[in-house]
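Shown next, in structure tokens, is the structure this report addresses.
Reminder, nothing fancy here: chain letters follow the sequence lines and each chain counts from 1. Atom set for the values below is all heavy atoms of this structure, side chains included, hydrogens, waters and symmetry mates excluded.
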2 protein chains.
Amino acid sequence: MARTSLKMLADHLHLSQGTVSRALNGYTDISAATRLRVRDAARDMGYAPNPTARRLATGIAEAVAYVMPQRGDSMSESFVTPLLQGLGEALAGRGWDLLIVQAATVPEEVAALRRLTATRQIGGVVLSRPRKSDARIDFLRGAGFPFVVHGRSEGCAAYAWYDVDSRAAFAEAVGRLAALGHRRIGFVGAPLHFTFAQDRRDGYRAALAAHGLDADPGLEAVAALDDTAGEAAAAALLSRDPAPTALLCATDPQALGALAAIRARGMVPGRDVSVIGYDGLSIGRHANPPLSTMAQPQADSGRRLGEMLLALVDGGAPTDYQELHRAEFLRRDTDGPAPESGPPNNHREKNR
Amino acid sequence: MARTSLKMLADHLHLSQGTVSRALNGYTDISAATRLRVRDAARDMGYAPNPTARRLATGIAEAVAYVMPQRGDSMSESFVTPLLQGLGEALAGRGWDLLIVQAATVPEEVAALRRLTATRQIGGVVLSRPRKSDARIDFLRGAGFPFVVHGRSEGCAAYAWYDVDSRAAFAEAVGRLAALGHRRIGFVGAPLHFTFAQDRRDGYRAALAAHGLDADPGLEAVAALDDTAGEAAAAALLSRDPAPTALLCATDPQALGALAAIRARGMVPGRDVSVIGYDGLSIGRHANPPLSTMAQPQADSGRRLGEMLLALVDGGAPTDYQELHRAEFLRRDTDGPAPESGPPNNHREKNR
DNA sequence: CTGAAAGCGCTTACAG
DNA sequence: CTGAAAGCGCTTACAG
């Protein structure tokens with residue numbers, strides 16, 4: 001029942017372990033005949049090298065780490081599960097394993113990466129949700145370690161990344177709202193240490209200018225990524241006078257919160273105030289009313305990230321693996337024409 | 001810059017590697033003085049043993065694997081991210097690593113586990129969503145390998161598990177609906193190869209009997225776990241005559257689908273037809289109207305699963321680690337009193 | 001109480 | 001083309 005080792009295989013073949021090892025690893029100085037003989041026997045005996053021994057001998061780990069986003073709102077982390085599934089599939093295609101790095105702070109994440117890379121436990125890293133200035137990326141670059149980023153940060157020209165053009169997405173969203181007659185478009189943004197937050201705000205601002213709408217700083221908010229934060233931020237924006245007739249939100253959970261804020265004022269999302277989110281979460285279909293959103297591409301980002309990382313491990317140039325994908329507008333029911341004379345923003349006063 | 005090895009540390013201390021190793025590993029036959037000296041030096045030089053070498057020498061891996069649920073609806077897998085976070089935290093407390101097993105079929109999962117355990121890449125396994133008869137569990141039990149199950153299966157008396165009593169939860173839900181005057185309560189169940197599906201249906205049926213309600217097989221459906229399947233199943237149940245005045249769903253995504261089915265018939269969930277889901281997903285707050293549900297305990301199941309597994313690895317008896325938690329009713333807006341004379345189930349006819 | 005040695009299961013220069 | 005040997009970085013009986 002014992003797992004067949006190299007020694008067992010070699011003994012059975014009356015060859016030395018070294019020869020068998022080389023035959024299996026495709027060394028060209030082995031005669032074609034014995035190579036075949038060895039491979040057949042290996043298959044028959046169900047031999048597979050022990051990864052731990054191999055790792056110790058070669059210093060190369062057939063495993064990569066994925067750095068989990070830090071604990072936050074579970075809704076805004078719903079991209080993780082499908083990403084892990086895709087990543088796992090891509091790695092499984094080559095027999096590589098997938099490790100999870102889970103820490104509460106960036107310095108702890110860096111420490112974990114330092115340990116894993118220094119001891120050669122992993123051969124590559126996938127990172128999500130980079131900061132504009134990201135200590136994890138700095139570390140990996142400094143160590144010359146293969147990694148690919150799900151998103152971008154400052155200095156992304158130098159490394160491999162997979163991102164969705166959320167700047168363009170937010171510009172498109174503004175354009176759509178402008179075409180619907182909206183002139184005062186509010187923006188619920190995300191904390192600006194996230195690169196994507198900066199991108200989305202930039203897209204919003206640029207499109208405002210392009211459409212000749214004035215950029216009222218009072219129409220911009222920054223909130224955490226979740227629904228509760230989105231609701232509070234949206235409520236604040238809606239209480240301004242004149243109020244925005246439309247709200248763009250950096251995430252779908254924020255947008256769901258915004259819908260709640262609108263309903264709380266006795267108004268109807270999509271009629272009195274339009275809302276467009278970003279993510280394309282399927283749960284948006286069940287919102288009240290169903291949420292219009294800029295949807296990230298269906299394409300399997302996890303699988304693609306895995307493929308890119310394996311290519312880097314094989315010696316590919318990081319700059320050859322930089323992919324910018326497009327988000328697509330997913331029209332549901334929260335984007336409507338601007339109300340004739342702005343939204344009825346006298347709700348609070350009326351109820352006094 | 002090279003990582004300090006055992007050899008470097010031993011040379012620096014003018015001791016043999018063996019002595020240093022034993023001092024660090026708490027062997028009692030080392031003098032207290034040198035033990036202290038060694039530990040101080042190890043700290044100062046930032047020594048940490050190479051896990052790969054240690055693993056090869058001891059045959060013990062300081063890592064565990066989590067078997068991902070198979071690719072399905074992302075909404076119904078939203079428990080995975082928080083679970084991984086909690087699990088990762090529990091393991092990090094002891095410096096253990098977390099591996100992901102991702103496969104498309106159960107046999108592939110078993111093959112992956114066989115490989116990981118045979119090569120001593122892992123020291124334990126966490127499993128989610130067991131089948132009633134589960135080949136992965138059979139394999140792990142046969143191998144005598146430490147594992148803990150998130151849920152239960154047949155034969156769960158013999159192994160460690162963490163579960164929520166969904167049988168009791170569904171019984172309670174039926175009781176609440178019965179108290180609201182509902183006599184015809186429909187049930188959208190999950191595929192019965194999942195243990196939890198059986199439990200939930202059993203709880204439903206038992207409570208029906210306990211409350212003197214008749215168990216009409218025509219009021220029971222089986223559907224996939226997601227919203228689309230839930231919507232179709234609910235639509236079918238609602239078209240029966242007489243129709244149910246309330247619907248119990250095995251998952252929150254199914255329940256969201258049920259709300260859609262009710263609205264599609266021009267009826268109002270919670271008024272014309274009541275709905276109670278199960279999961280307690282936060283997204284239910286944004287449903288139309290907000291979804292009443294049996295919420296799994298807030299308690300951090302991932303962390304607890306990790307703690308239990310570590311206890312098993314330390315030699316704990318599996319039967320000492322079996323925890324049944326309670327779900328709590330989360331009242332939102334979809335459970336209401338039964339309509340006077342049943343729901344207006346003439347929608348289709350009227351529209352002809 | 002400490003050291004020397006063997007071993008975990010591989011890979012890979014180095015000879016021949 | 002193949003074998004013998006050293007080495008990856010640890011741990012752990014076994015002596016003394």
TODO: Go through the side-chain N and O atoms of Ser21(B) and Tyr27(B) and say whether any donor and acceptor fall under 3.5 Å apart.
DONE: no
Open item on the list: If only side-chain N and O atoms count, and only distance matters, is there a donor-acceptor pair under 3.5 Å linking Ser153(B) with Tyr159(B)?
Closed with: yes
- [ ] Tell me, yes or no, whether the heavy-atom count around Arg120(B) atom CZ, taken from other residues, nucleotides or ligands under 6.0 Å, exceeds 12.
- [x] no
Open item on the list: Ignoring hydrogens, what is the shortest heavy-atom contact between Val64(B) and Ile122(B)? Give both atom names and the distance.
Closed with: C-CG2, 4.0 Å
Open item on the list: I want to know whether Phe145(B) and Phe147(B) have ring centres closer than 6.0 Å.
Closed with: no
Open item on the list: Using heavy-atom distances to pick each residue's nearest nucleotide on DNA chain C, tell me which of Asp29(A) and Gln17(B) is more 5'.
Closed with: Gln17(B)
TODO: Identify which one of Arg136(A), Arg131(A), Lys132(A) satisfies the side chain to side chain donor-acceptor pair (under 3.5 Å) criterion when paired with Asp134(A).
DONE: Arg136(A)
- [ ] Anything under 4.0 Å to a heavy atom of chain B counts; send over the first and last such nucleotide of DNA chain D, read 5' to 3'.
- [x] dG9(D) to dC14(D)
Classify [X] by what it touches in the nucleic acid, base, sugar-phosphate, or nothing, heavy-atom distance under 4.0 Å.
X        : value
Ser31(A) : sugar-phosphate
Ser16(A) : base
Thr34(B) : sugar-phosphate

Task: Sub-4.0 Å heavy-atom contacts from residues 54-63 of chain A onto DNA chain D, ordered by number - done: Leu56(A), Ala57(A)
I'd like to know if [X] pairs up with [Y] as an ion pair, taking the criterion as any Lys NZ or Arg NE/NH1/NH2 lying under 4.0 Å from an Asp or Glu carboxylate oxygen.
X        : Y        : result
Asp11(B) : Lys7(B)  : yes
Glu62(A) : Arg55(A) : no
Arg35(B) : Asp40(B) : no

TODO: Please tell me which of Asn50(B) and Arg22(B) maps to the more 5' nucleotide of DNA chain D, matching each residue to the nucleotide holding its nearest heavy atom.
DONE: Asn50(B)
Open item on the list: Measuring only between side-chain heavy atoms, which start at C-beta, is Arg39(A) closer than 4.5 Å to Leu24(A)?
Closed with: yes
Task: Each stem that DNA chain D is part of, given as range with range (3 or more consecutive Watson-Crick or G-U pairs, under 3.5 Å) - done: C:1-3 with D:14-16, C:5-12 with D:5-12, C:14-16 with D:1-3
Open item on the list: Walk me through whether Arg54(B) and Asn25(B) qualify under side chain to side chain donor-acceptor pair (under 3.5 Å).
Closed with: CA-CA 12 Å; Arg54(B) 171 190 270 260; Asn25(B) 289 317; 3.2 Å; yes
